[in-house]
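Below you'll find the structure, written out as C-alpha cells, and then a few comments.
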There are 2 protein chains.
Amino acid sequence: MKRKPSTEATAAWIRLMRVQSRVLDCVEQDLKKAGFPPLAWYDALLELSRAPSGEMRPVELEKQMLIPQYSTSRLIDRLVDEGLAVRRECKIDKRGQFVEITEAGRELQKKMWGAYSAAIEKHVGSKLSDTDALKLCGLLDRLGCSCSDARPAAVAKEGVPAR
Amino acid sequence: MKRKPSTEATAAWIRLMRVQSRVLDCVEQDLKKAGFPPLAWYDALLELSRAPSGEMRPVELEKQMLIPQYSTSRLIDRLVDEGLAVRRECKIDKRGQFVEITEAGRELQKKMWGAYSAAIEKHVGSKLSDTDALKLCGLLDRLGCSCSDARPAAVAKEGVPAR
DNA sequence: GACTATTTCATGCAAATGCATTTAGTCACG
DNA sequence: CGTGACTAAATGCATTTGCATGAAATAGTC
C-alpha cells in the first residue's frame with residue numbers, strides 16, 4: 001500500500017498539473033481582458049440559468065460546481081451584489097433558500113459565452129483534432145471518480161460548466 | 001478569429017478542468033492529512049535541492065514554478081521562516097539574492113516525497129496503464145506552449161516538480 | 001412531544017493572493 | 001560620467017480563501 005508510481009504515471013501527473021494551470025490561466029486572462037468577471041461566476045450563472053425555473057438551492061450549486069460550501073455562499077453574495085441573482089425564500093425548507101438568476105444574469109452569461117468559447121477554441125480547440133480531443137476525454141475520465149464525491153462530468157451543450 | 005470550439009474540444013476543456021482540480025485536491029488532502037505543508041513548498045524545495053549548489057535566484061525559481069513574482073517572494077519568506085531555506089547575498093548582482101536550501105529543507109523534501117509519490121500512485125498511477133499514461137502525456141503536451149511563457153515540462157526523475 | 005443528530009447556510013478571523021507600486025541596482029548609450 | 005530604460009525583489013492594500021464555528025431549521029428516535 002505504498003508502491004511508488006511509475007515514471008509514466010508521474011509524468012502524466014506533472015503534465016496534468018502544468019497544462020491545466022497554464023490553459024486555465026490563459027482563458028481567465030482572455031476573459032479578464034474582455035472585461036468579464038472570473039470563470040466561477042460564469043459557471044454559477046450557467047448552472048442557475050439551466051435550472052428549470054431559473055432558481056436552485058445553494059447546496060445544489062455547490063455540488064455542481066465542486067466548490068466548498070462557504071465558497072458558494074460568498075459567490076452568491078457577490079452575484080447578488082451585482083444584481084445577477086436574487087435570493088428567494090424557500091418555503092418547503094425554512095433553513096434553506098433559493099437563488100434565482102436575474103435577466104441581467106442571463107445576459108451576462110450569454111455575453112461571456114462569446115469570449116469564453118473563443119478562448120476555448122484558441123487555447124484548446126485549435127491545438128487538438130476532434131478525435132484527439134475525444135481520446136483526451138477518455139483518458140481523463142478514467143482519473144475521474146477517485147475521491148469521495150464524484151460527479152459524472154456534465155456534457156457540454158452550448159454553455160459549458162467548466163469547473 | 002472567433003470560431004466556436006467543437007463540442008469535442010469543449011468536452012476536453014471541461015474534463016481537463018474538472019479532473020485536475022479533483023485530482024489535485026485529493027493529493028493535497030493526502031499530504032495535509034500526513035501533516036505536510038502544501039505542494040508548492042515541495043516544488044520549491046525540490047527545485048532548490050536540484051540546483052547544483054543547492055541555491056538559486058528567486059527569478060529562476062519563479063520561472064520553474066510558473067508562479068508570479070510576488071508569490072515567489074512570499075513563498076521564500078515562509079520557507080525561510082520555517083528554517084527550510086536561507087537567503088544569501090548575491091555578489092554579482094547586488095539587487096538580487098540567492099536562496100539556499102537547508103539540511104532541514106532537504107529532509108522535509110525527502111519525507112514529503114514518500115507521501116507525495118504514494119498519493120500520485122493512488123490517484124493517478126493506479127487508474128492508468130503505463131501506455132495510457134504516455135498517451136495522456138502526449139495529448140496534454142500539445143496543449144502546452146500556447147501562452148507567452150512556455151516551459152518544456154520537466155522530466156520526472158525521483159522528485160517531480162509538480163506545478 | 002422532548003431530545004439529539006443532521007442539514008443548510010452565514011460569518012469571524014487568519015492566511016493567502018492579486019495588483020500596483022516602491023526601492024535598489026544594472027545596463028545601454030550618448 | 002549622466003541619464004533614461006530595464007530588471008530583481010519586496011511590500012501596502014484590497015480581495016479572496018480556508019477553517020472552524022455558529023445559528024436556525026429539520027429529521028429521527030424513543
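These values consider heavy atoms only, across backbone and side chains, with no hydrogens, waters or symmetry-generated copies. Labels below follow one simple rule: chain letters A, B, ... track the order of the sequence lines, proteins then strands, and each chain is numbered from 1.
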>> Restricting to side-chain contact (heavy atoms from CB on, under 4.5 Å), what partner residues turn up for Leu134(B), sequence neighbours left out?
In response: Glu8(A)
> On DNA chain C, which is the earliest and which the latest nucleotide, 5' to 3', with an atom closer than 4.0 Å to a heavy atom of chain B?
Replying inline: dA16(C) to dT26(C)
> Of all heavy-atom pairs between Glu62(B) and Ile67(B), which one has the smallest distance, and what is that distance?
Replying inline: CG-O, 3.4 Å
> Tell me, which of residues 73-81 of chain A have any heavy atom that sits under 4.0 Å from an atom in DNA chain C?
Replying inline: Ser73(A), Arg74(A)
>> Can you list everything that forms a salt bridge (charged side-chain N to carboxylate O under 4.0 Å, His left out) with Asp132(A)? Sequence neighbours excluded, please.
In response: Lys135(A), Arg142(B)
> Can you find a side chain N or O atom of Tyr70(A) that sits less than 4.0 Å from OP1 or OP2 on dG18(D)?
Replying inline: yes
> Is there side-chain contact between Leu24(A) and Leu16(B), with at least one heavy-atom pair below 4.5 Å?
Replying inline: no
> Yes or no on side chain to side chain contact (heavy atoms under 4.5 Å, CB included) for Leu48(A) and Leu84(A), after CA distance, side-chain angles and deciding distance?
Replying inline: CA-CA 10 Å; Leu48(A) 288 176; Leu84(A) 303 168; over 6 Å; no
>> Rounding to an integer number of Å, can you tell me how far Glu62(B) CD sits from dA10(D) C1'?
In response: 12 Å
>> List the residues meeting salt bridge (charged side-chain N to carboxylate O under 4.0 Å, His left out) with Glu107(A), not counting sequence neighbours, and say none if there are none.
In response: none
> With a 4.5 Å heavy-atom cut-off, do Asp30(B) and Phe36(B) have their side chains touching?
Replying inline: no
Please list, for nucleotides 5-7 of chain D, all pairs of protein and nucleotide N/O atoms separated by less than 3.5 Å.
from	atom 1	to	atom 2	distance (Å)
dT7(D)	O2	Arg95(B)	NH1	2.5

> Can you check the Glu28(A) CD to dT15(D) P distance for me, whole Å?
Replying inline: 18 Å
>> Among residues 82-92 of chain A, which ones have heavy-atom contacts with DNA chain D below 4.0 Å?
In response: none
>> Once side chain to side chain donor-acceptor pair (under 3.5 Å) is applied, what residue pairs with a partner in residues 72-85 of chain A remain, sequence neighbours excluded?
In response: Asp77(A)-Arg87(A)
>> Just to verify, what does Arg57(A) make a salt bridge (charged side-chain N to carboxylate O under 4.0 Å, His left out) with, not counting sequence neighbours?
In response: Asp93(A)
> Atom CD1 of Ile67(A) and atom C1' of dT16(D): how far apart are they, to the nearest Å?
Replying inline: 12 Å
>> Using the rule given for side chain to side chain contact (heavy atoms under 4.5 Å, CB included), can you reason through Val86(B) versus Val80(B), listing the C-alpha separation, both sets of side-chain angles and the distance that settles it, and then say yes or no?
In response: CA-CA 5 Å; Val86(B) 288; Val80(B) 170; 5.7 Å; no
> Quick one: on DNA chain D, does Glu60(B) or Lys32(B) contact a more 5' nucleotide (nearest heavy atom)?
Replying inline: Glu60(B)
>> Please say yes or no: joined through hydrophobic side-chain contacts below 4.5 Å, possibly via intermediate residues, are Trp113(A) and Trp41(A) part of one cluster?
In response: yes
>> Return whichever of Asp93(A) or Gln69(A) has its heavy-atom-nearest nucleotide of DNA chain D closer to the 5' end.
In response: Gln69(A)
> Who pairs with Arg88(A) by salt bridge (charged side-chain N to carboxylate O under 4.0 Å, His left out), at least two apart in sequence or on another chain?
Replying inline: Glu100(A)
>> In this structure, how many angstroms lie between the C1' atom of dT15(D) and the CH2 atom of Trp41(A), rounded?
In response: 12 Å
> Considering residues at least two apart in sequence or located in another chain, which fulfil the side-chain hydrogen bond (donor to acceptor under 3.5 Å, both in side chains) criterion with Ser53(A)?
Replying inline: none
